[in-house]
Each structure stands twice: as structure tokens, then as C-alpha cells.
Amino acid sequence: MPVDARALIRDADRTALLVVDMQNDFVLPGAPVAAPGALDVIPVIADLAARARRRGFPVVYTQEMHRPDESDFGIELHFEPPHCLEGTEGPEVVDALKPEDGDLRITSKRRYDAFLGTDLDLVLRCAGVENLIVTGVCTDICVTSTVQHARNLDYRCVVVRDGVAGSSPARHDAALFGLEHVFAVVATAGECRALFDL
């Protein structure tokens with residue numbers, strides 16, 4: 001049974017919006033690993049980001065980046081083509097969601113999990129964050145990996161159903177089905193606005 005969101009969120013003021021990997025190589029048509037539906041979530045994320053900033057919540061962007069010589073990909077290249085290479089436009093956040101002054105960026109992300117090998121946890125804890133509103137791509141890869149790690153660090157996660165896109169519609173739905181069991185609340189953007197008074 002999905003958890004009661006209002007019972008989970010103890011202090012709505014201690015919240016950040018996490019924008020996972022909304023980068024050219026994951027979003028733009030024809031990009032190496034473009035997620036179907038990624039363009040459709042841009043307006044939802046942009047609206048939540050504007051509301052979060054007005055509410056005083058940190059807006060945190062993660063950006064997967066790899067060395068140009070591909071030496072840090074590891075086994076990932078067995079599953080996906082090269083993408084988000086440093087020095088190219090691939091790792092840049094899409095123009096419609098560019099970070100604003102005061103937003104935070106995690107640019108040392110080499111793996112699907114945005115906590116692994118980065119300072120994301122430190123940045124969030126220094127900002128007093130307890131709750132994460134999670135958006136971005138891909139629902140079934142980086143979003144899932146990041147939310148599961150966040151849950152194990154005791155962050156209270158709300159994944160925005162209409163603010164994430166998967167590598168396929170079926171995998172998107174399967175990922176959300178799995179996450180809402182014990183890892184996160186899965187809610188629409190409208191439900192998030194009400195829950196966090198955005």
C-alpha cells in the first residue's frame with residue numbers, strides 16, 4: 001500500500017527540488033540516449049522549479065558527465081552508447097531548464113546514482129534538506145537509482161509522476177510501480193504543489 005504522503009513529510013519547509021539529468025543527450029530528439037517523453041516533462045519541471053524558488057527551496061540539478069576518452073564509463077558502454085562527454089554540448093542542461101543564480105549543480109556524476117561519488121548528500125544536508133521532490137530522466141535508470149539511495153539515507157522522496165520520463169513507457173510505469181512500494185511517494189505535480197504549498 002502506498003505510504004501516506006502527509007504522514008511521511010514531517011516538515012515541508014525542509015525540501016529541495018531535484019532535477020535529474022535533464023541534459024541535451026537525454027532529452028533532445030536524435031540525441032544518443034534520448035528518453036521518449038522527456039520533452040513533455042520540461043514544462044512541469046520548469047513550473048515546479050519556479051514555484052520552489054519562490055518558496056525558498058533549493059533547486060538542485062544533477063548532470064551526468066564522462067571523460068572525453070570514455071575511460072570512466074566502465075560497463076555502462078555495454079548497455080548504452082557514449083553520451084554526455086565533457087567538452088561537448090551533450091552534458092549541458094536543456095535551454096528551457098537552465099539553472100538560475102542560486103540553484104545548485106552536481107556535475108561530478110559518473111554513474112546512474114546521483115549520490116555515488118558526488119557531494120549531493122553533503123550539499124543537501126548543508127542546506128538542511130529532509131525531503132526531495134524528484135523530477136527528470138530516466139525514471140527507470142538514474143531517477144530510480146538516485147531515489148533508492150536517497151531512501152537509504154533517510155531522505156523522504158516524492159517522485160513527480162508527470163515530471164519524470166523513462167527509457168520507454170513500459171519501463172517508466174514499471175519503475176514508478178516499484179518505487180512507490182517502499183522507496184517514495186509517487187504523486188502528480190498538482191499533488192506536490194498541494195503537499196508542499198508551492
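The figures that follow rest on heavy atoms only: side chains count, while hydrogens, waters and symmetry mates do not.
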Student: For L104, enumerate each residue passing the side-chain contact (heavy atoms from CB on, under 4.5 Å) test, keeping only those at least two apart in sequence or located in another chain.
Tutor: P58, V60, V123
Student: Kindly indicate whether the side chain of T188, heavy atoms from C-beta on, has any atom under 4.5 Å from the side chain of R193.
Tutor: no
Student: Nearest 0.5 angstrom please: D113 CG to N152 CG, how far?
Tutor: 9.5 Å
Student: Name each donor-acceptor pair under 3.5 Å that joins a side chain in residues 42-50 to protein atoms two or more places apart or in another chain, with its distance.
Tutor:
{"residue": "D47", "atom": "OD1", "partner": "R51", "partner atom": "NE", "Å": "3.2"}
{"residue": "D47", "atom": "OD2", "partner": "R51", "partner atom": "NE", "Å": "2.8"}

Student: Which of these, T144, V137, V147, L176, sits in a side chain to side chain contact (heavy atoms under 4.5 Å, CB included) with V164?
Tutor: L176
Student: Which heavy atom of C138 sits nearest a heavy atom of A35, and at what distance?
Tutor: SG-CB, 3.7 Å
Student: Can you see which heavy atom on A16 is nearest to which on F57, and at what distance?
Tutor: CA-CB, 4.5 Å
Student: Any idea which heavy atoms bring F115 and L132 closest together, and the distance?
Tutor: CZ-CD1, 4.4 Å
Student: Between Q63 and P91, is there a donor-acceptor pair closer than 3.5 Å when you use the side chain of the first and the backbone of the second?
Tutor: yes
Student: Hey, are the side chains of P99 and V59 touching, using non-hydrogen atoms and a 4.5 Å cut-off?
Tutor: no
Student: Is it true that L97 and I133 fall in one hydrophobic cluster, defined by side-chain heavy atoms closer than 4.5 Å?
Tutor: yes
Student: Quick one: pull up OH in Y155 and CG in L120 and give me the separation to the nearest 0.5 Å.
Tutor: 6.5 Å
Student: Is a side-chain donor or acceptor of R156 paired with a backbone partner of I9 at a separation under 3.5 angstrom?
Tutor: no
Student: What residues, two or more places apart in sequence or in another chain, satisfy side-chain contact (heavy atoms from CB on, under 4.5 Å) together with D95?
Tutor: K98
Student: To the nearest 0.5 Å, how far apart are NZ in K109 and OG1 in T118?
Tutor: 9.0 Å
Student: How far does CG of D197 sit from SG of C192, to the nearest 0.5 angstrom?
Tutor: 13.0 Å
Student: Going by heavy atoms in the side chains, are E64 and R110 under 4.5 Å from each other?
Tutor: no
Student: Can you confirm whether the side chains of H83 and Q23 place a donor and an acceptor under 3.5 Å from each other?
Tutor: no
Student: Using side-chain heavy atoms (C-beta onward) and a distance below 4.5 Å, is R111 in contact with S145?
Tutor: no
Student: Is there side-chain contact between M22 and V41, with at least one heavy-atom pair below 4.5 Å?
Tutor: yes
Student: Just wondering, are more than 12 heavy atoms of other shown residues or ligands nearer than 6.0 Å to CZ in R67?
Tutor: no
Student: Does any N or O in the side chain of R105 come within less than 3.5 Å of the main-chain N or O of T62, such that one atom is a donor and the other an acceptor?
Tutor: no
Student: Applying side chain to side chain contact (heavy atoms under 4.5 Å, CB included) to L153 and D121, what does each step give before you reach the verdict?
Tutor: CA-CA 9 Å; L153 293 171; D121 184 47; 3.9 Å; yes
Student: Check R6 with E191, please: is the shortest side-chain N to carboxylate O separation under 4.0 Å?
Tutor: no
Student: Check side-chain contact (heavy atoms from CB on, under 4.5 Å) between E70 and all other residues, then give those that pass, not counting sequence neighbours.
Tutor: F73, L77, P82, L85
Student: Side chain to side chain contact (heavy atoms under 4.5 Å, CB included) between D103 and R53: does it pass, once the steps are laid out?
Tutor: CA-CA 9 Å; D103 292 345; R53 293 181 190 107; 2.8 Å; yes
Student: For residues V134 and V94: do they belong to one hydrophobic cluster (side chain heavy atoms under 4.5 Å, members Ile, Leu, Val, Met, Phe, Trp, Tyr)?
Tutor: no
Student: Between the side chain of T146 and the main-chain N/O of A114, is any donor-acceptor distance below 3.5 Å?
Tutor: yes
Student: For the SG atom of C84 and the CD atom of E92, what is their distance to the nearest 0.5 Å?
Tutor: 9.5 Å
Student: Tell me whether V19 is reachable from V143 by hopping between hydrophobic residues (I, L, V, M, F, W, Y) whose side-chain heavy atoms are closer than 4.5 Å.
Tutor: no
Student: Please examine the side chains of R161 and E180, heavy atoms only from C-beta on, and report whether any two atoms are closer than 4.5 Å.
Tutor: yes
Student: Tell me whether V159 is reachable from L8 by hopping between hydrophobic residues (I, L, V, M, F, W, Y) whose side-chain heavy atoms are closer than 4.5 Å.
Tutor: no
Student: Minimum heavy-atom separation for S167 and P36, please, with both atom names.
Tutor: O-CD, 3.5 Å
Student: Between I75 and F79, which heavy-atom pair has the shortest distance, and what is it?
Tutor: O-CD1, 3.4 Å
Student: Once you round to the nearest 0.5 Å, how far does CG of L18 lie from SG of C157?
Tutor: 8.5 Å
Student: Should V27 and I106 be counted in the same cluster of Ile, Leu, Val, Met, Phe, Trp and Tyr side chains packed under 4.5 Å apart?
Tutor: no
Student: For R55, give me all partners under side chain to side chain donor-acceptor pair (under 3.5 Å), at least two apart in sequence or on another chain.
Tutor: D13
Student: Verify whether one side chain among N131 and T15 offers a donor that lies under 3.5 Å from an acceptor in the other.
Tutor: yes
Student: Share the residues that join I141 in a hydrophobic cluster, the rule being Ile, Leu, Val, Met, Phe, Trp or Tyr side chains under 4.5 Å apart at the heavy-atom level.
Tutor: Y112
Student: If every non-hydrogen atom of F183 is compared with every non-hydrogen atom of G178, which pair is closest and at what distance?
Tutor: CD1-O, 4.0 Å
